[in-house]
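A short worksheet on the structure shown next.
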2 protein chains.
Amino acid sequence: MNATQPAAIRLWVVEDNATYQDALAFSFKTSGSIELTRQFFNAEDARAALRAGPPPDAILLDVQLPGLDGISAISLFKAAAPAVCIVILTVFEDHRKVFRALCAGASGYLLKTAPAERIAAAIADAVAGGAPMSPSVARAVLGRFVELAAPGRNTYDLSARERDVLELMTQGLVKKEIADRLTLSPHTVNSHLKNIYVKLHVGTRGAAVAKALKERLV
Amino acid sequence: MNATQPAAIRLWVVEDNATYQDALAFSFKTSGSIELTRQFFNAEDARAALRAGPPPDAILLDVQLPGLDGISAISLFKAAAPAVCIVILTVFEDHRKVFRALCAGASGYLLKTAPAERIAAAIADAVAGGAPMSPSVARAVLGRFVELAAPGRNTYDLSARERDVLELMTQGLVKKEIADRLTLSPHTVNSHLKNIYVKLHVGTRGAAVAKALKERLV
DNA sequence: CGGCGCATCACGCGTTTATGCGATTGAACG
DNA sequence: CGTTCAATCGCATAAACGCGTGATGCGCCG
């Protein structure tokens with residue numbers, strides 16, 4: 001399909017290595033879908049530019065920078081331009097750094113070992129709502145994710161309906177609201193609550209909510 | 001570089017839709033780097049084969065299957081062949097399902113909207129140690145990851161004492177118990193509770209506990 | 001078929017909570 | 001030195017809650 005070409009992605013690059021900057025600029029020139037509108041050699045300048053004028057669609061950001069480091073820069077960039085997609089491009093694969101960058105608001109994390117086409121594709125991916133990462137980075141994130149998100153093994157034999165009720169409890173709803181949300185009588189919700197309390201071995205709403213969230217029952 | 005061609009990835013596919021199976025088989029035939037060695041139409045047969053013989057390098061697994069569903073199958077596959085890379089390929093984008101699949105041991109998660117080349121690339125990626133995901137899935141995982149890994153920076157200006165009370169609330173204690181634990185009058189606890197509710201913008205104990213735990217305030 | 005678990009609904013009682021209205025103290029800050 | 005604010009305590013009331021004790025219908029399974 002040769003649809004009308006979509007507007008090119010306006011990209012800024014923040015990278016202190018001039019040679020690498022040039023290489024990137026060259027590869028984007030041939031890519032077509034990405035328009036490299038500005039280049040910076042440190043994060044401060046990029047930040048100032050963000051605050052001064054219209055933001056780009058995406059920023060390709062190195063971590064190792066003179067002065068303000070890349071990871072700290074992420075939050076600042078996001079504060080100045082919340083909608084901008086920040087993709088990290090670095091040689092560092094240190095997991096701590098990776099996680100901090102992502103938590104600070106980065107949309108993607110690439111290693112400089114990635115081929116040029118992959119970098120262009122990743123930027124497009126990030127702007128389109130994805131989260132491009134180099135394979136090893138993705139695997140590390142996934143590993144940590146599983147560690148954090150793995151549901152507790154204790155299911156406490158809650159029925160499906162009881163889980164529904166429990167979930168709404170964790171959203172702070174009161175009995176009547178739960179009843180309305182599930183189209184039930186408040187009496188029925190009462191029954192479910194009682195059963196939940198018995199199964200979770202708790203006696204109060206707060207304890208039930210706490211147990212549910214701590215043990216990831218919902 | 002035309003190095004000697006690496007050994008093709010031995011792949012099994014578990015997918016109940018015969019037409020889609022054929023389409024996949026065709027696309028892999030043209031890909032070259034992937035050798036589709038076995039095809040199954042349900043998870044039970046695949047599991048039996050895994051237990052019986054040598055495992056493949058990767059398994060492409062649908063979620064919606066007759067009988068044993070794909071997500072439950074992941075753990076079983078992993079138990080039978082820990083080294084195998086499991087890549088989910090499904091139409092479902094339900095986040096709960098995605099997270100459960102990844103926690104169960106899947107290495108990747110693709111939507112069936114992905115183009116054929118992307119699927120082949122993803123399998124190679126997974127075998128090479130990556131974690132291929134469709135953009136929207138990756139973003140959802142990243143979002144949840146940040147939620148879990150990033151301590152909530154919202155402190156809501158809670159005072160030290162209020163945090164004490166909040167923490168005890170998250171342990172399921174009632175007002176009187178909190179008072180005893182902190183050697184306070186129940187009236188004082190009452191005051192703290194009121195202030196906490198105001199600062200957290202909630203109106204009930206359950207909501208306060210939920211917010212505290214979800215946003216890592218304690 | 002007959003039990004069993006689940007979901008649904010119902011009532012009542014005593015307790016806890018949420019939320020008004022206060023007050024006094026003491027530390028912090030300009 | 002006066003103001004501010006957290007921390008402590010007091011009280012009253014209406015609403016929500018916890019908990020016991022029911023009942024009815026439905027589907028499943030041996």
Side-chain angles (χ1 to χ4, degrees), chain A residues 151-215 217-218, chain B residues 44 66-69 72 96 152-215 217-218:
Chain A
R153 296 287 153 254
N154 293 333
T155 167
Y156 292 97
D157 282 330
L158 291 177
S159 74
R161 210 51 167 162
E162 285 159 355
R163 253 188 302 276
D164 290 343
V165 173
L166 187 56
E167 176 164 2
L168 293 178
M169 283 207 290
T170 65
Q171 290 169 28
L173 303 191
V174 298
K175 182 157 51 187
K176 170 103 179 48
E177 292 170 327
I178 296 175
D180 289 348
R181 204 68 89 75
L182 298 176
T183 327
L184 288 178
S185 153
H187 299 294
T188 307
V189 176
N190 230 351
S191 289
H192 290 313
L193 283 177
K194 282 187 282 197
N195 294 330
I196 290 172
Y197 291 160
V198 170
K199 290 185 180 178
L200 295 192
H201 307 117
V202 296
T204 69
R205 177 169 301 234
V209 170
K211 199 154 189 169
L213 289 174
K214 286 179 182 171
E215 306 194 13
L217 298 178
V218 292
Chain B
E44 287 91 343
L68 181 62
D69 79 291
S72 311
R96 205 68 60 92
R153 285 294 149 250
N154 291 336
T155 166
Y156 292 97
D157 282 330
L158 290 179
S159 72
R161 210 50 167 163
E162 285 160 356
R163 252 190 300 278
D164 290 343
V165 173
L166 187 56
E167 176 164 3
L168 292 177
M169 286 208 295
T170 65
Q171 290 168 26
L173 304 190
V174 298
K175 181 159 48 188
K176 171 112 184 35
E177 293 170 325
I178 296 175
D180 290 348
R181 205 68 90 74
L182 298 177
T183 328
L184 287 177
S185 152
H187 299 295
T188 307
V189 176
N190 227 356
S191 289
H192 290 315
L193 284 177
K194 282 190 279 197
N195 295 330
I196 290 171
Y197 291 160
V198 171
K199 291 184 179 178
L200 258 44
H201 307 118
V202 299
T204 70
R205 196 181 213 78
V209 171
K211 198 153 190 169
L213 290 174
K214 286 180 182 170
E215 307 195 12
L217 297 179
V218 291

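Everything numeric here is computed off the predicted structure, so don't read it as measured data. Proteins get letters first, then strands, A, B, ... in listed order; numbering begins at 1 in each.
- The separation between B/Glu177 atom CD and D/dG18 atom P is 13 Å, rounded to whole Å.
- Across the protein-nucleic acid pair, B/Lys199 atom NZ and D/dC5 atom P stand 11 Å apart, rounded to whole Å.
- Between B/Lys175 atom NZ and D/dG18 atom P the separation is 14 Å, expressed in whole Å.
- Rounded to an integer number of Å, the gap from CG of A/Asn195 to C1' of C/dG5 is 11 Å.
- Note: NE2 (A/His192) to P (C/dC6) measures 11 Å, nearest angstrom.
- Look at A/Arg161 and you won't find any side-chain N or O under 4.0 angstrom from OP1 or OP2 of C/dA7.
- Proximity of B/His187 to the phosphate of D/dT8: no side-chain N or O atom is located under 4.0 Å from OP1 or OP2.
- Atom-to-atom distance recorded for B/Leu166:CG and B/Ser159:OG is 10.5 Å, nearest 0.5 angstrom.
- Between the side chain of A/Lys194 and the base of D/dT21, a donor-acceptor pair under 3.5 Å is found.
- Residue B/Arg161 is tested with B/Asn195, B/Leu182, B/Val189 for a side-chain contact (heavy atoms from CB on, under 4.5 Å); the sole match is B/Leu182.
- The CG atom of A/Asp180 sits 12 Å away from the P atom of D/dA16 (whole-angstrom rounding).
- The distance from atom CD1 of A/Ile196 to atom P of D/dC17 is 13 Å, rounded to the nearest whole Å.
- Minimum heavy-atom separation, B/Ser185 to B/Ala179: C-CB, 4.0 Å.
- With no hydrogens or angles considered, a side-chain donor-acceptor pair links A/Tyr156 and A/Glu215 at under 3.5 Å.
- Nearest to the side chain of B/Ser159, among D/dT21, C/dA18, D/dA7, sits D/dA7.
- Between the side chain of B/Asn190 and the base of C/dT19, a donor-acceptor pair under 3.5 Å is found.
- Listed pair B/Tyr197 / C/dA18 meets the phosphate criterion, a side-chain N or O lying under 4.0 Å from OP1 or OP2.
- Residue B/Ser185 places at least one side-chain N or O closer than 4.0 Å to OP1 or OP2 of D/dG10.
- The nearest heavy atom of DNA chain D to B/Ser191 and to B/Asp157 marks one nucleotide each, and the one closer to the 5' end goes with B/Asp157.
- In this structure, B/Glu162 places its CD atom 10 Å from P of D/dT8, rounding to the nearest Å.
- Within the 4.5 Å cutoff, the side chain of A/Thr155 has heavy atoms near those of the A/Arg163 side chain.
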